[in-house]
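Comments concern the structure below.
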Amino acid sequence: MGGGGALSNHIFVYGTLKRNHPNHLLLEDLISKNDAVYVGQRTTRLSYPLVTGLYGIPYLINKSGSGQRIRGELYSVSKRGLVRLDELEGIKVEHYERLPVEVVEEESNGVVLAEAYFAHRRFGERLWEKKGKLGMCEFRENDGVLYVRPKDRPRFSSVIDEIEAFVSSTTD
């Protein structure tokens with residue numbers, strides 16, 4: 001096995017990285033290089049808000065006890081794979097942050113501690129309020145239709161600035 005060493009990082013994906021969604025190509029690439037492996041369907045042990053923001057981007061919000069239990073997919077990823085996922089999710093620019101989350105396998109009730117990409121705390125909770133505290137339990141394929149890939153967004157747009165403006169605005 002080549003690749004980036006042990007696949008010791010459990011990553012729970014709930015949005016555009018899932019199979020049949022726009023960013024899954026990245027995971028497919030990591031899998032082909034032995035930098036990731038699909039573990040299976042999982043559900044968060046606790047409930048969390050899951051909403052879509054600008055450009056149809058899905059955000060899990062780190063406010064357990066609100067929203068619903070979220071369905072998604074669990075992957076084991078190498079350190080090198082993690083670097084690429086962090087890049088996609090804009091960790092450095094504080095778009096998302098990678099935080100621990102407990103996920104459950106329905107059949108066995110086995111709980112695994114994984115990490116997921118949550119909306120950055122700078123705007124996450126305000127986005128939840130802005131969306132009227134209505135969350136989904138799953139980001140489905142028809143939700144993905146609204147997703148606008150970075151290359152198709154307005155030139156010079158900064159999602160970070162735009163989301164800040166969105167959550168700060170007082171009008172609905």
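Within the model, atoms OG of S78 and CG of L30 stand 7.0 Å from one another, a figure rounded to the nearest 0.5 Å. Put simply, CG on L54 and CD1 on I163 are 5.0 Å apart, with the number rounded to the nearest 0.5 Å. Distance CG/L60 to CH2/W128: 10.5 Å, rounded to 0.5 Å. If you take CZ on R45 and CG on N109, they are separated by 11.5 Å, rounding to the nearest 0.5 Å. Here the straight-line distance linking atom OH of Y117 with atom CG of L88 works out to 8.0 Å at 0.5 Å rounding. In this structure, NZ in K133 is found 7.5 Å from CD in E125, a value given to the nearest 0.5 Å.
Without hydrogens or angle criteria, K63 side chain to Y48 main chain gives no donor-acceptor distance under 3.5 Å. Using a distance-only test at 3.5 Å, with no hydrogens or angles considered, a donor-acceptor pair links the side chain of D143 to the main chain of R140. In this structure, D35 contributes its side chain and R80 its backbone to no donor-acceptor pair below 3.5 Å.
With sequence neighbours excluded, the residues that form a side chain to side chain contact (heavy atoms under 4.5 Å, CB included) with E141 are N20, H21.
Side-chain contact annotation: R19 with Y38, donor-acceptor N/O pair under 3.5 Å present. Using modelled atom types, one finds no donor on one side chain facing an acceptor on the other under 3.5 Å when comparing T44 with E102.
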Kindly determine whether Y14 and F139 satisfy ring pair (Phe, Tyr, Trp, His ring centres under 6.0 Å), including the steps that lead there.
CA-CA 7 Å; Y14 57 84; F139 185 77; 8.0 Å; no
For R126 and E164, what are the C-alpha separation, side-chain angles and deciding distance, and is it a salt bridge (Lys or Arg N to Asp or Glu O under 4.0 Å)?
CA-CA 9 Å; R126 288 182 295 154; E164 180 56 49; 2.9 Å; yes
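Put simply, the side chain of I57 reaches to within 4.5 Å of the side chain of Y147, judged on heavy atoms. In this structure, L17 and L85 have side chains that are in contact, with non-hydrogen atoms separated by less than 4.5 Å.
Remark: K130 qualifies as a cation-pi partner of F166 under the 6.0 Å distance and 45° angle criteria applied to the six-membered ring. Seen from the ring of F12, R42 does not count as a face-on cation partner, given the 6.0 Å and 45° thresholds.
V104 and V13 fall into different hydrophobic clusters, where Ile, Leu, Val, Met, Phe, Trp and Tyr are joined by side-chain heavy atoms under 4.5 Å apart, directly or via other members. If you chain together hydrophobic residues whose side chains sit under 4.5 Å apart, L26 and V83 never meet in one group.
Of the charged side-chain nitrogens involved, at least one lies within less than 4.0 Å of a carboxylate oxygen, so that R98 and E115 count as a salt-bridged pair. With salt bridges taken as basic N to acidic carboxylate O contacts below 4.0 Å, one links D29 and R84.
Ring geometry for H95 against Y59 counts as perpendicular: the plane angle is over 60°, on a 0 to 90° scale with 30° as the lower cut.
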